[in-house]
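Keep in mind that what you see is a predicted model, and the values were worked out from it rather than measured.
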Amino acid sequence: QVQLVESGGGLVQAGGPLRLSCAASGRTFSSSAMGWFRQAPGKEREFVAAISGSGDYTIFTDSVKGRFTISRDNAKNMVYLQMNSLKPEDTAVYYCAAARSRVATSRVVMYGYWGQGTQVTVSS
């Protein structure tokens with residue numbers, strides 16, 4: 001069993017930064033790739049970013065490349081999503097997820113554990 005708790009969401013003006021954090025517990029953290037997903041009202045949940053178990057490989061959806069970075073601290077069981085140059089279209093509930101393997105992936109089905117989500121609202 002894995003528990004994930006996100007934090008750091010809030011209201012930010014367009015162009016501003018925000019950092020999301022996800023605290024994980026319950027299993028060997030480094031054995032899981034970690035991902036961030038988001039879901040806007042009326043839309044399906046979409047992949048944002050993922051990082052491998054070792055932290056040496058990351059992937060991003062095209063719309064956030066160059067603006068978002070993902071990192072992890074395996075000693076602290078934490079994963080972070082640094083979001084810069086935020087746009088109104090980034091507004092969504094952001095979810096942290098733990099994958100079933102160490103391989104970073106954008107596939108929702110590969111993630112077995114999810115946090116409760118944190119709201120990010122970007123005003124124009």
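Residue pairs meeting the disulfide bond (SG atoms under 2.5 Å apart) criterion with at least one member in residues 19-110, sequence neighbours excluded: Cys22-Cys96. Evaluation of the salt bridge (charged side-chain N to carboxylate O under 4.0 Å, His left out) test over residues 28-55, restricted to residues two or more places apart or in two chains, returns Arg38-Glu46, Arg38-Asp90. The list of disulfide bond (SG atoms under 2.5 Å apart) pairs with a residue in residues 32-64, not counting sequence neighbours, is empty.
Contacts of Phe60 classified as ring-ring contact (aromatic ring centres under 6.0 Å, His included), with partners at least two apart in sequence or in another chain: none. With sequence neighbours left out, the ring-ring contact (aromatic ring centres under 6.0 Å, His included) criterion links Tyr94 to no other residue. Scored by the side chain to side chain contact (heavy atoms under 4.5 Å, CB included) test, Val103 finds Ser101 as partners (sequence neighbours excluded). Partners of Asn74 by side chain to side chain donor-acceptor pair (under 3.5 Å), not counting sequence neighbours, listed by chain and number: Arg72. For Gln3, the side chain to side chain donor-acceptor pair (under 3.5 Å) partners at least two apart in sequence or on another chain are Ser25. Not counting sequence neighbours, the partners of Thr121 by the side chain to side chain donor-acceptor pair (under 3.5 Å) test are Gln119. Residues satisfying the ring-ring contact (aromatic ring centres under 6.0 Å, His included) criterion with Phe29, sequence neighbours excluded, are absent altogether. In this structure Asp56 satisfies the side chain to side chain donor-acceptor pair (under 3.5 Å) test together with Ser52, Ser54, sequence neighbours excluded.
Among all heavy-atom pairs drawn from Gly115 and Tyr95, the shortest one is O-CD2, 3.6 Å. The shortest heavy-atom contact between Pro17 and Val12 is O-CG2, 3.7 Å. Contact between Ala40 and Ala92 at its shortest, heavy atoms only, is N-CB, 3.8 Å. Between Val2 and Ala98, the closest heavy-atom pair is CG1-CB, 4.4 Å. The minimum heavy-atom distance linking Ala99 with Ser32 is given by the pair O-OG, 3.2 Å.
Proximity of the aromatic rings of Phe37 and Phe47 is defined here by a centroid distance below 6.0 angstrom, and this criterion is met.
A donor-acceptor pair under 3.5 Å links the side-chain atoms of Tyr111 to the main chain of Thr105, judged by distance alone. No side-chain donor-acceptor contact under 3.5 Å links Thr58 to the backbone of Ile51.
Counting heavy atoms from C-beta outward, Leu20 and Val120 have side chains that approach closer than 4.5 Å. Counting heavy atoms from C-beta on, the side chains of Trp36 and Glu6 come closer than 4.5 Å. For the pair Met34/Leu4, a side-chain contact is recorded, criterion being any heavy-atom separation below 4.5 Å from C-beta on.
The same ILVMFWY cluster, assembled from side-chain heavy atoms under 4.5 Å apart, contains both Leu81 and Tyr113. Note on Val93 and Leu11: separate hydrophobic clusters, where clusters join Ile, Leu, Val, Met, Phe, Trp and Tyr whose side-chain heavy atoms are under 4.5 Å apart, directly or indirectly.
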Practice item. Please report the C-alpha distance between Phe68 and Val48 in whole Å, then the side-chain angles of each, then the deciding distance to 0.1 Å, and finally whether the side-chain contact (heavy atoms from CB on, under 4.5 Å) criterion is met. Key: CA-CA 9 Å; Phe68 291 11; Val48 177; 3.8 Å; yes
Practice item. Could you walk me through whether Gln82 and Ser71 pass the side-chain contact (heavy atoms from CB on, under 4.5 Å) test, one step at a time? Key: CA-CA 8 Å; Gln82 178 66 45; Ser71 60; over 6 Å; no
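Of the inter-residue distances, the one linking Arg19 atom CZ with Thr69 atom OG1 reads 9.0 Å to the nearest 0.5 angstrom. Here Gln13 contributes atom CD and Ser123 contributes atom OG; the two are 5.0 Å apart, rounded to the nearest 0.5 Å.
The hydrophobic cluster around Tyr80 extends to Met78, counting ILVMFWY residues whose side-chain heavy atoms fall within less than 4.5 Å of a member.
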